[in-house]
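The structure appears below as structure tokens.
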2 protein chains.
Amino acid sequence: LNVFGEFEPKIPAGWTSPEVLFCGNIHPTIQAAVLDSCSGAKFTALDSMNLWIMTEPTALSDVMRRVDMAILNDQEVRLIADDANLIRAAESIRSGDALVEPEGWGPADGHPGTGPDYLVVKKGENGVIAFTPQGMVALPAMPTSIVVDPTGCGDTFAGALLSLVAASGIVQPGIEEIREAIINAVVTASFTLGEFGTAGIMNLDRADYAARRDSYRRIAGV
Amino acid sequence: LNVFGEFEPKIPAGWTSPEVLFCGNIHPTIQAAVLDSCSGAKFTALDSMNLWIMTEPTALSDVMRRVDMAILNDQEVRLIADDANLIRAAESIRSGDALVEPEGWGPADGHPGTGPDYLVVKKGENGVIAFTPQGMVALPAMPTSIVVDPTGCGDTFAGALLSLVAASGIVQPGIEEIREAIINAVVTASFTLGEFGTAGIMNLDRADYAARRDSYRRIAGV
């Protein structure tokens, strides 16, 4: 937390209506403030972590209900829903059942109170499973024996995923848009994993990216 | 082990040249005896378990070198190779480096002494990764929240996989034959998982199978 403990983000006026808004992992009340400031965003997403899941379930539930997409890892999904079955856990987050019910605004008050429409679950070396309004998408990881440093993989994954959602210009991406976005995310994150820090993606050239994506497509059959 | 401790399988004369021979999980010397009796088999495969990996590494290595395909779970692959990285572990089994060197017959004696050409690694809810002479195939599991009884899933998986290898009539199946065989295996095993014992597949009808396979193809994009 350190310097972010008292952080109050100021969003420049020109940035309040982005195509895609991604709230990286930070205290959920800061994520909520950013969402408030960017009311013109067409598509919103967030990341979180076990700390907020355990210490700030109400504030996290509030932002989870407000965004279009949550990008979480499998342990976080199981922890939020308190359910070892990942498929059931994910569905109960999307339905809102696994989230804290907002005061005066929830299923008991006749409001659907649903969670994010899109839930992308990262499983590390075991791939990705995404839940969308049109159904599930499941993809394997990029197989690799070269694991140098996972730092930044989650942010690379989210950035690459959302860049393709933004490029598609679609506010309600379908299964095939989500699949292509995840393929981009899996392949791009594999470069981050293969070197220290950001070295793997800082100077990544298009040909190396394209070659690895082709290889991934052959392996996964997609 | 029980009744199989002293088991000496007698193969009927008419069964010694099958299209596909699968040696289910049992003491590797019994698997070796079956391989000896079925020298006319076109394609051979085996399963094993942690008990034989730990107590009979030499006998197991011997049969691993003799079959075309090993079908193992991820923990077994890591245990054989003593390597937490699954990709590296699998490659070292296929190359023979992770197997016990046969006496007077191994890399040191100028013999390649390789392991099985095909290694299919089952990862339970995390899907399957297969290593073939033509490259890797990776597929997700069939997502399910209905897990009743995993007993028999491994044998269902192997049977369904090899039935498609046999049907293809191909002695050196390529990546796409292996992919189709794994899809069949994943979908069929998901029926075993969903009910007790063999109830899920005993009366499985073609329409239910086809519907679930279609659903799997949409989810995995294959």
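Order of the sequence lines fixes the chain letters, A, B, ..., with proteins taken first and strands second; residue numbering starts at 1 for each chain. Just so you know, these numbers use all the heavy atoms, side chains as well, and skip hydrogens, waters and symmetry mates.
Remark: A:Asn203 CG is loosely packed, at most 12 non-hydrogen atoms of other residues, nucleotides or ligands lying under 6.0 Å away. Shown here is A:Asp82, whose CG atom has no more than 12 heavy atoms of other residues, nucleotides or ligands within 6.0 Å.
One distance of note links OG1 of A:Thr58 with CD of A:Glu101; it measures 11.0 Å at 0.5 Å rounding. If you take CD1 on A:Ile80 and CD on A:Gln75, they are separated by 12.0 Å, rounding to the nearest 0.5 Å.
Comparing A:Pro143, A:Ala138, A:Ala130 by heavy-atom pairs within less than 4.5 Å of chain B, the highest count is held by A:Ala138. Note on B:Arg88, B:Arg179, B:Lys123: by heavy-atom pairs under 4.5 Å with chain A, the leading option is B:Arg179.
The stretch residues 153-166 of chain A places none of its residues near chain B, where near means some heavy atom under 4.5 Å from a heavy atom of that chain.
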Inset, instruction - Decide yes or no on side-chain contact (heavy atoms from CB on, under 4.5 Å) for B:Asp117 and B:Phe131, but give the supporting numbers first. - result: CA-CA 8 Å; B:Asp117 280 348; B:Phe131 299 79; over 6 Å; no

Inset, instruction - Go through the steps to decide whether B:Phe22 and B:Phe43 satisfy the test side-chain contact (heavy atoms from CB on, under 4.5 Å), and finish with yes or no. - result: CA-CA 9 Å; B:Phe22 175 55; B:Phe43 191 87; over 6 Å; no

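Of the charged side-chain nitrogens involved, none lies within less than 4.0 Å of a carboxylate oxygen, so that B:Asp214 and B:Arg218 do not count as a salt-bridged pair.
A donor atom on one side chain and an acceptor atom on the other are not found under 3.5 Å apart for A:Arg66 and A:Thr44.
Using a 4.5 Å cut-off between heavy atoms, A:Val147 contacts chain B through its side chain alone, with no backbone atom that close. Using a 4.5 Å cut-off between heavy atoms, A:Glu91 makes no contact with chain B at all. At a 4.5 Å heavy-atom cutoff, the contact between A:Thr144 and chain B is made by backbone atoms alone.
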